[in-house]
Visitor: 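Here's a structure for you.
Throughout, numbering of the chain's residues begins at 1 and tracks the sequence. These figures come from a predicted structure and were not determined experimentally.
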Amino acid sequence: MTFPLLLGATLVFASILLTPLSTRIGAPLLLLFLAIGMLLGEDGPGGVLFDDFKLAYELGNIALALILFAGGLDTPKTDIRKAAAPALVLATLGVVLTAASIGVVAAWVFDWSLTQGLLLGAVIGSTDAAATFCFTTARYSAPGPGT
């Protein structure tokens, strides 16, 4: 019981130490946490075994809520206004085009019915909207030359 608490406290302390590093190198703090998790995992040099799927599911849901909440609070309204139109077009047309193209290719490559391929395309394409909005917001909030 004390080892998981010690490990969790160490990760929180590492996040405090890594925050200035993430801003200095321009990488999101979550990317650094992902790298730490990969290093600590059972396939990495840390070798920490974790097989509690229920706990992983609960922690993942909490982390997702915190990530979305923090992302919403950290994004300035001016950046959202500048990125809204391109993000909306890319998120709607991008999802449809991704779902359709992946659906047709999956049906052809895996010899599936078109319905099965489009179902796979819909699952993969639905992630486009969030990624597009994050990329577009980051693109429009990046400082321009001379700023």
Visitor: Quick one: hydrophobic cluster around Y57, which other residues, with the 4.5 Å side-chain cut-off, linked directly or via members?
Guide: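 Its cluster mates, by chain and number: none.
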
Visitor: If you link ILVMFWY side chains whenever their heavy atoms are less than 4.5 Å apart, which other residues fall into the same cluster as V96? By chain and number, please.
Guide: none

Visitor: What residues, two or more places apart in sequence or in another chain, satisfy ring pair (Phe, Tyr, Trp, His ring centres under 6.0 Å) together with W108?
Guide: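 Here no residue qualifies.
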
Visitor: For the side chain of S101 and the backbone of T98, is there at least one donor-acceptor N/O pair under 3.5 Å apart?
Guide: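 Looks like yes, one N/O pair under 3.5 Å.
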
Visitor: Identify every side-chain donor-acceptor pair in residues 42-56 under 3.5 Å, counting partners at least two apart or on other chains, and give the distances.
Guide:
unit_1 : atom_1 : unit_2 : atom_2 : d
D52    : OD1    : K54    : N      : 3.4
D52    : OD1    : L55    : N      : 3.3

Visitor: Check which hydrophobic residues are tied to V104 through side-chain heavy-atom contacts below 4.5 Å, counting indirect links as well, and list them.
Guide: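 Besides V104, the cluster holds L114, L118.
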
Visitor: Going by ring pair (Phe, Tyr, Trp, His ring centres under 6.0 Å), name the residues that satisfy it together with F110, two or more places apart in sequence or in a different chain.
Guide: W112

Visitor: Rounded to the nearest 0.5 Å, what's the gap from CG on L17 to OG1 on T10? Could you check?
Guide: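 Between L17 CG and T10 OG1, I get 10.5 Å after rounding to 0.5 Å.
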
Visitor: Mind checking side chain to side chain contact (heavy atoms under 4.5 Å, CB included) for S113 and listing every partner two or more places apart, or none if nothing turns up?
Guide: T115, Q116

Visitor: Side-chain heavy atoms under 4.5 Å apart, restricted to Ile/Leu/Val/Met/Phe/Trp/Tyr: what other residues fall into the cluster of V123, or is it alone?
Guide: none

Visitor: Please name all residues satisfying side chain to side chain contact (heavy atoms under 4.5 Å, CB included) with L93, sequence neighbours left out, ordered by chain then number.
Guide: V89

Visitor: Could you check whether any side-chain heavy atom of L18 comes within less than 4.5 Å of a side-chain heavy atom of L21, counting everything from C-beta outward?
Guide: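 Contact flag for L18/L21 side chains = yes.
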
Visitor: Show me the donor-acceptor pairs, under 3.5 Å and distance only, between side chains in residues 31-41 and residues at least two apart or in other chains.
Guide:
none

